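Any value given below was found using the heavy atoms of this structure, including those in side chains, with hydrogens, waters and symmetry copies removed. Bear in mind the structure is a predicted one, so any value in this text is a computation, not a measurement. Position 1 is the first residue of the sequence, and the numbers go up from there.
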Amino acid sequence: CEDEPMIIIASETEIRAEQMRFDRSLLFLKQLLQGMKLRPRYSPPPTRGPELPRKSFQDRGDIIVVQYQTFGGKQANLPMKKMSIGDMNTGDELAHYLIELTGFTQFTCISGGQKIEVFGNGAPLRDLRIGNGLLMVRKVADTPEKQFDGRSRLPSPIDSKVIDHFNELYDLLSLEDRLAKEVFSFLDLFPAQDRVRDHIQTMQASVGVLLPTDKPYKLLYCAKALRSCVEDEAFSTSPNSEFLKYSVRTIIAAFTRPETVETEESLRLLISYVLTECLLLALRAPVPPDTSSAYIADPQGYAQCLMQMITKAQVSNGLETARIEAHLLVREPFAALVEGTLHNEQVWDSLQSEPEFGKLIMKILLEDTRIDVRKAVADVIFGLSGTSGTKVLYKPQDPRSARSRFPVSKIDASLAHWWNILIELLPEVVKKPSQCQQLFEVSIAILHCVGKSIGASELCSCFESWSKLLISYHHVEVS
């Protein structure tokens with residue numbers, strides 16, 4: 001017995017001291033790295049410039065150098081940049097290259113003080129006078145923005161040193177939540193690492209292994225890494241449809257599995273938001289309809305889980321720590337629900353059998369007192385109708401929009417479903433006169449699209465009902 005080694009058990013005070021030392025070390029490194037990024041003069045100059053994305057087309061004509069500056073993105077006050085392109089390349093080719101350069105999926109261009117439509121524009125840049133002065137690229141508000149993960153950026157010596165220890169840091173995500181949160185916030189400063197990306201791209205990991213519910217911060221890190229992988233495919237000219245199918249089914253499985261571990265509400269909302277963003281990227285990738293129709297294997301489960309997510313998001317006030325506003329938490333699952341109905345018509349069948357679906361739409365489009373939430377929901381439906389609010393102007397043809405990816409017959413069938421839902425809600429607007437603008441605007445936009453297909457007797461019935469509402473309504477004049 002005397003030869004047996006002595007087992008020393010650390011006291012609670014010693015454990016707390018080590019935890020504080022761990023927290024402070026991570027905080028110091030995080031502040032140092034963020035400071036170096038904000039002050040590039042403290043970092044050694046790169047031996048080569050960052051790589052520009054590859055063009056999906058050949059330069060034609062004389063090469064011109066275009067100075068451009070971006071506005072409205074996640075990074076403010078960006079300096080002017082330069083790119084080269086052939087003056088016989090088309091406006092549409094420039095638009096797709098700008099998507100790769102800026103990360104914006106929808107934007108407007110101003111050159112020489114005039115707005116230029118580049119999406120779908122087959123005119124050569126020489127005729128559009130692109131290159132004569134600064135090209136201003138402004139992101140359309142509340143549209144998705146491609147997240148550059150920084151893998152093309154040269155790492156600093158400190159970055160490289162930290163990345164060398166990624167495996168140990170990644171394993172620490174399995175610690176208790178308080179410590180795992182600190183590790184995650186540190187690792188989130190870096191692009192998704194190859195160990196996790198490679199694991200995802202094998203398409204062999206089950207949902208329980210890839211997105212473990214009992215390790216929420218490891219789940220969140222892997223969800224962001226999955227988003228990075230999906231983003232590469234979604235913006236590729238030839239996306240890997242098998243990987244997209246695997247990603248969609250993995251995310252849906254994560255949404256529909258029972259919650260066996262209690263997770264903090266704000267963290268659960270953040271995980272749902274990241275996975276929903278990822279789901280939308282995959283659903284909007286340009287793949288053949290035969291491929292995308294196989295994405296959703298359980299239409300009823302898909303409809304129910306997204307309805308639940310919308311309901312939970314609608315009662316939240318956003319995620320201040322992650323800078324995600326409430327309207328975004330509602331918009332993303334609602335947009336995924338709308339996308340799902342286009343990929344698999346049985347999702348509509350499931351929604352129509354859900355008695356709470358109409359009530360949910362009324363809550364988010366009429367009853368919610370936050371105008372940003374109502375506008376976000378309306379914008380998703382405007383995307384289906386191809387219109388822009390009350391003006392009913394057709395937007396530039398975005399290659400990732402629903403109208404670009406699906407036949408007109410499918411879009412019109414979906415709009416007909418929405419019309420049937422909205423006409424049931426219209427009598428309720430008299431109860432919320434100060435909040436009904438978005439519901440009216442969406443209804444008018446859809447009516448412009450499907451009005452010709454509505455029978456005369458049905459229209460007469462609608463007019464009669466609406467006339468009675470107007471006559472019985474006691475209005476209040478405001479100055």
Does the side chain of [Y] come within less than 4.5 Å of [X]'s, by heavy atoms?
{"X": "Ile381", "Y": "Ile446", "result": "yes"}
{"X": "Gln435", "Y": "Thr369", "result": "yes"}
{"X": "Ile271", "Y": "Tyr217", "result": "no"}
{"X": "Lys82", "Y": "Gln67", "result": "yes"}
{"X": "Lys410", "Y": "Glu345", "result": "yes"}
{"X": "Leu125", "Y": "Asp127", "result": "no"}
{"X": "Lys312", "Y": "Arg268", "result": "yes"}
{"X": "Leu415", "Y": "Ile411", "result": "yes"}

Do [X] and [Y] have side-chain atoms, one donor and one acceptor, less than 3.5 Å apart?
{"X": "Asn121", "Y": "Glu117", "value": "no"}
{"X": "Lys218", "Y": "Ser174", "value": "yes"}
{"X": "Gln308", "Y": "Gln304", "value": "no"}
{"X": "His96", "Y": "Glu100", "value": "no"}
{"X": "Arg257", "Y": "Thr213", "value": "no"}

**Asked** Which class fits the ring pair Phe334 and Trp418: parallel under 30°, tilted 30 to 60°, perpendicular over 60°?
**Response** perpendicular

**Request:** May I ask you to decide if the ring planes of Phe119 and Phe107 are parallel, tilted or perpendicular, using 30° and 60° as cut-offs?
**Result:**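 Tilted, since the angle between the ring planes falls between 30° and 60°.
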
Sidechain-backbone polar pair: [X] side chain, [Y] backbone, donor-acceptor under 3.5 Å:
{"X": "Glu233", "Y": "Asn240", "result": "yes"}
{"X": "Asn344", "Y": "Ile296", "result": "yes"}
{"X": "Asp92", "Y": "Gly122", "result": "no"}
{"X": "Asp368", "Y": "Arg374", "result": "no"}
{"X": "Arg227", "Y": "Cys222", "result": "no"}
{"X": "Arg370", "Y": "Gln314", "result": "yes"}
{"X": "Thr291", "Y": "Val287", "result": "no"}
{"X": "Thr276", "Y": "Ser272", "result": "yes"}

**Prompt:** Is Arg195 paired with Asp171 through a side-chain N to carboxylate O contact shorter than 4.0 Å?
**Reply:**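 Salt bridge between Asp171 and Arg195, a charged N being under 4.0 Å from a carboxylate O: yes.
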
**Item:** Ionic contact status for Lys181 with Asp188, cut-off 4.0 Å
**Value:** no

**Request:** Let me see the working for Ser111 and Arg129 under side-chain hydrogen bond (donor to acceptor under 3.5 Å, both in side chains), right down to the final yes or no.
**Result:** CA-CA 8 Å; Ser111 180; Arg129 299 183 181 277; over 6 Å; no

So how far is it from [X] [atom1] to [Y] [atom2], rounded to the nearest 0.5 Å?
{"X": "Glu332", "Y": "Leu279", "atom1": "CD", "atom2": "CG", "answer": "10.0 Å"}
{"X": "Ser443", "Y": "Leu425", "atom1": "OG", "atom2": "CG", "answer": "8.0 Å"}
{"X": "Ile251", "Y": "Leu210", "atom1": "CD1", "atom2": "CG", "answer": "9.5 Å"}
{"X": "Leu280", "Y": "Leu275", "atom1": "CG", "atom2": "CG", "answer": "11.5 Å"}
{"X": "Glu367", "Y": "Met362", "atom1": "CD", "atom2": "CE", "answer": "4.0 Å"}
{"X": "Lys363", "Y": "Thr311", "atom1": "NZ", "atom2": "OG1", "answer": "6.0 Å"}

**Request:** Tell me, with the steps shown, if Phe190 and Phe166 meet ring pair (Phe, Tyr, Trp, His ring centres under 6.0 Å).
**Result:** CA-CA 10 Å; Phe190 303 92; Phe166 172 76; 8.8 Å; no

Shortest non-hydrogen contact between [X] and [Y], atoms and distance:
{"X": "Lys432", "Y": "Leu366", "value": "CB-CD1, 3.9 Å"}
{"X": "Ala234", "Y": "Leu281", "value": "CB-O, 3.5 Å"}
{"X": "Ala180", "Y": "Leu175", "value": "CB-O, 3.7 Å"}
{"X": "Leu98", "Y": "Cys109", "value": "CD1-SG, 3.9 Å"}
{"X": "Cys436", "Y": "Val429", "value": "CB-CB, 3.8 Å"}
{"X": "Trp348", "Y": "Ser414", "value": "NE1-OG, 3.7 Å"}

**Request:** Starting from the C-alpha separation in whole Å, work towards a yes-or-no answer on side-chain contact (heavy atoms from CB on, under 4.5 Å) for Ile130 and Ile116.
**Result:** CA-CA 9 Å; Ile130 299 289; Ile116 299 176; 3.7 Å; yes

**Message:** The test is side-chain contact (heavy atoms from CB on, under 4.5 Å); show your working for Gln438 and Leu365 and say whether it passes.
**Reply:** CA-CA 7 Å; Gln438 289 71 38; Leu365 191 56; 4.2 Å; yes

**Prompt:** Pick from Ile324, Leu219, Leu220, Leu226: which one makes a side-chain contact (heavy atoms from CB on, under 4.5 Å) with Val274?
**Reply:** Leu220

**Message:** Surrounding CD of Gln58 (heavy atoms of other residues, nucleotides or ligands, distance under 6.0 Å), is the total greater than 12?
**Reply:** no

**From CA spacing to verdict: side-chain contact (heavy atoms from CB on, under 4.5 Å), Tyr170, Val183** = CA-CA 8 Å; Tyr170 178 73; Val183 176; over 6 Å; no

**Request:** Carefully, step by step, assess Ser84 and Val66 under the rule side-chain contact (heavy atoms from CB on, under 4.5 Å).
**Result:** CA-CA 6 Å; Ser84 62; Val66 180; over 6 Å; no

**Item:** Result of checking His343, Arg284, Arg405, Glu339 against Ser292 for side chain to side chain donor-acceptor pair (under 3.5 Å)
**Value:** His343

**Asked** Centres of the Tyr302 and Phe255 rings: under 6.0 Å?
**Response** no

